[in-house]
Amino acid sequence: MAAEDVPVSNFIREIIDRDLADGKHASIVTRFPPEPNGYLHIGHAKSICLNFGLARDYNGQCNLRFDDTNPSAEDVEYVDSIIEDVRWLGFDWGKNLFFASDYFEQMVAYAEDMIRNGKAYVCTLTPEEFKEYRGVPTRPGLPSPWRDRPVEENLDLFRRMRAGEFADGQYVLRAKIDMASPNLHMRDPAIYRIKHAHHHRTGDRWCIYPMYDFAHGLEDAVEGITHSICTLEFEVHRPLYDWLLDQLDVPCHPQQIEFARLNLTYTVMSKRKLLELVRAGTVSGWDDPRMPTVSGLRRRGYTPASIREFCRRIGVTKTDSLTDIALLEHCIREELNATAPRVMAVLDPVKLVVTNYPEGQVEMLEGVNNPEDPAAGVRQVPFSRELYIERDDFMEEAPNKYFRLKPGQEVRLRYGYLVTCTGCRKDSATGVVTEVYCTYDPATRGGNAPDGRKVKGTIHWVAAAQALDAEVRLFDRLFNVERPDDVPEGGHFTDHLNPDSVKIVRAKLEPSLAQALAGDRFQFERTGYFMADAKDSKPRTPVFNRIVPLRDSWAKS
RNA sequence: UGCCCGAUGGUGUAAUGGUAGCACAACAGACUCUGAAUCUGUUUGUCAUGGUUCGAGUCCAUGUCGGGCAACCA
């Protein structure tokens with residue numbers, strides 16, 4: 001078993017172990033129940049890995065169920081993207097793809113059972129009055145004047161609600177529980193509302209829709225869910241979840257278990273805020289490579305395995321926490337270090353002229369594709385008199401510990417020659433370096449000196465005439481503070497947007513990259529991991545996204 | 001001021017009454033044809049106060065701090 005597949009224990013697994021040992025269940029059934037009103041993000045990935053991971057490890061089943069009980073915000077676009085994302089993450093629900101909307105008829109029957117049992121009533125209060133009667137946490141609520149409406153009248157009104165005789169908000173079906181409960185959710189919650197809205201799956205068949213609290217437990221029960229796992233904010237709903245299932249003649253009573261949702265530094269995670277960024281055009285869409293959405297991470301170049309590994313490492317608890325995004329970055333670096341072919345690419349080019357190298361000569365030098373993986377083989381890289389190097393790799397006046405090119409210093413051109421810097425030319429007006437000069441030692445072909453002398457620095461380069469010009473997108477975090485949600489009075493989370501979250505450059509790439517296909521990942525030596533963009537890369541003219549930079553202990557000091 | 005939940009190094013997470021461990025991050029060194037990777041080492045922790053116990057991060061009490069709950073959203 002690979003390290004990444006070894007499950008990390010957590011309190012939910014302990015509950016399941018106990019339930020299995022006690023014989024409460026012979027096997028488990030979980031579910032991932034998204035509402036199709038937005039794209040999935042890395043927080044959902046945590047839930048997906050949890051629920052599907054449990055099913056996998058315990059030889060159980062995990063359903064993919066769309067909780068589509070509110071047509072106003074939902075759309076097939078979201079259904080499709082969610083299906084694609086869960087599958088991309090590497091999970092399979094087999095035949096168990098369900099929609100809450102498929103249970104609407106059944107839910108109405110359960111609602112009528114509740115009415116007949118005197119556990120639900122049709123209320124005529126307006127939304128404003130409803131709120132008024134509910135009271136506040138510190139004060140009990142007041143019973144609705146319609147609380148004791150006769151069963152027959154409730155039944156009749158509910159059926160007419162369904163038949164479309166009333167306007168939105170005119171009536172609502174409520175559970176009859178306890179208006180004095182310290183738990184607001186137990187104060188006769190609404191369970192069915194009138195909503196004349198077009199549903200993406202049921203069309204105009206319905207004009208009443210069940211509320212989450214009524215629907216969710218029934219969906220779970222009907223599907224035979226054993227462990228209904230959700231996030232912490234539903235903890236206060238659990239008494240209602242349990243109460244409801246106790247009132248009705250359902251196939252089973254699943255156990256709701258809550259865990260803490262994922263928070264990431266330098267990131268916002270609410271669907272509302274992500275939608276706002278999309279709508280405002282702050283990002284190019286849900287799959288903008290800077291977004292924490294599954295589609296954004298995919299576009300950026302993250303692999304499913306790296307996201308799964310991240311989810312494995314963060315664990316599952318009930319503690320509200322803030323995970324350092326450095327851990328996510330570590331997970332993708334770790335994978336790509338082992339798998340990504342190395343190439344040379346100059347992101348901020350300046351010309352280097354090897355003054356004693358014959359003009360017009362081109363020789364092919366051998367580069368190792370992946371030092372971590374001998375099977376990756378070697379490739380040929382052209383070398384000539386004029387090259388491009390990184391502007392950062394030359395300093396006219398440099399500190400002592402600067403190992404790259406400075407006048408008089410010898411460095412290695414990776415897989416090329418040892419060269420000694422002899423000077424540079426600068427634009428007389430601006431002082432900007434336009435060309436750097438050096439001489440090479442012909443005896444050092446391939447990068448080693450026969451006399452055994454060592455050089456401290458090795459830099460990457462690309463032959464000027466053979467270089468492939470390409471667009472490279474350098475992404476950085478979208479926000480420049482750890483907690484973008486923390487805003488002062490009157491502020492907005494977008495105040496913390498990082499103005500430099502993307503920088504587009506024209507880079508010089510080694511010619512082998514002309515063969516790169518959309519979705520191919522590479523390590524650009526000394527700079528980072530990159531992927532050819534899935535949408536904008538064309539054959540022979542790739543466009544690269546920087547997934548994550550290499551660690552750089554020099555830049556820090 | 002009501003109810004529910006939580007609190008272990010900078011961050012995340014283990015330890016289930018018996019040696020506080022792991023990972024990320026940071027720092028230092030070794031190695032290096034990537035200032036990467038790798039290797040070695042270092043710093044930093046049980047929210048507080050009582051109690052139970054031979055023994056408490058763990059159990060109990062009180063307090064403190066943090067989060068959630070007052071959509072006909074999920």
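So you know, we letter chains A, B, ... as the sequences are listed, proteins then strands, and number each from 1.
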Check your understanding: At under 4.0 Å between heavy atoms, what does A:Tyr402 touch on the DNA or RNA strands: base, sugar-phosphate, or nothing?
Key -> base
For [X] and [N], is the shortest distance between a side-chain N/O and OP1 or OP2 below 4.0 Å?
| X | N | result |
| --- | --- | --- |
| A:Arg134 | B:rA71 | yes |
| A:Arg313 | B:rG12 | no |
| A:Arg312 | B:rA23 | no |
| A:Arg193 | B:rA74 | yes |
| A:His330 | B:rC24 | yes |
| A:Thr69 | B:rC73 | no |
| A:Ser553 | B:rA36 | yes |

Check your understanding: So A:Tyr209 and A:His199, would you call those rings parallel, tilted or perpendicular, with 30° and 60° as cut-offs?
Key -> parallel
Point to revise | Side-chain heavy atoms of A:Trp146 within contact of A:Val172, under 4.5 Å | key: no
Review point. Any side-chain heavy atom of A:Phe524 within less than 4.5 Å of one from A:Leu550?
Key: no
Study note, to complete from the structure: Interatomic distance, SG@A:Cys207 vs CE@A:Met161, rounded to 0.5 Å, equals 8.5 Å
Exercise for review: For A:Arg13, enumerate each residue passing the side-chain hydrogen bond (donor to acceptor under 3.5 Å, both in side chains) test, keeping only those at least two apart in sequence or located in another chain.
Suggested key: A:Asp57
Study note, to complete from the structure: Intra- and inter-strand pairing of RNA chain B, written as dot-bracket with Watson-Crick and G-U pairs under 3.5 Å and | for the latter, reads .((((((..((((....[..)))).(((((.......)))))....(((((..]....))))))))))).....
Point to revise | Nucleotide B:rG35, atom P - distance to CZ of A:Arg551 in whole Å | key: 14 Å
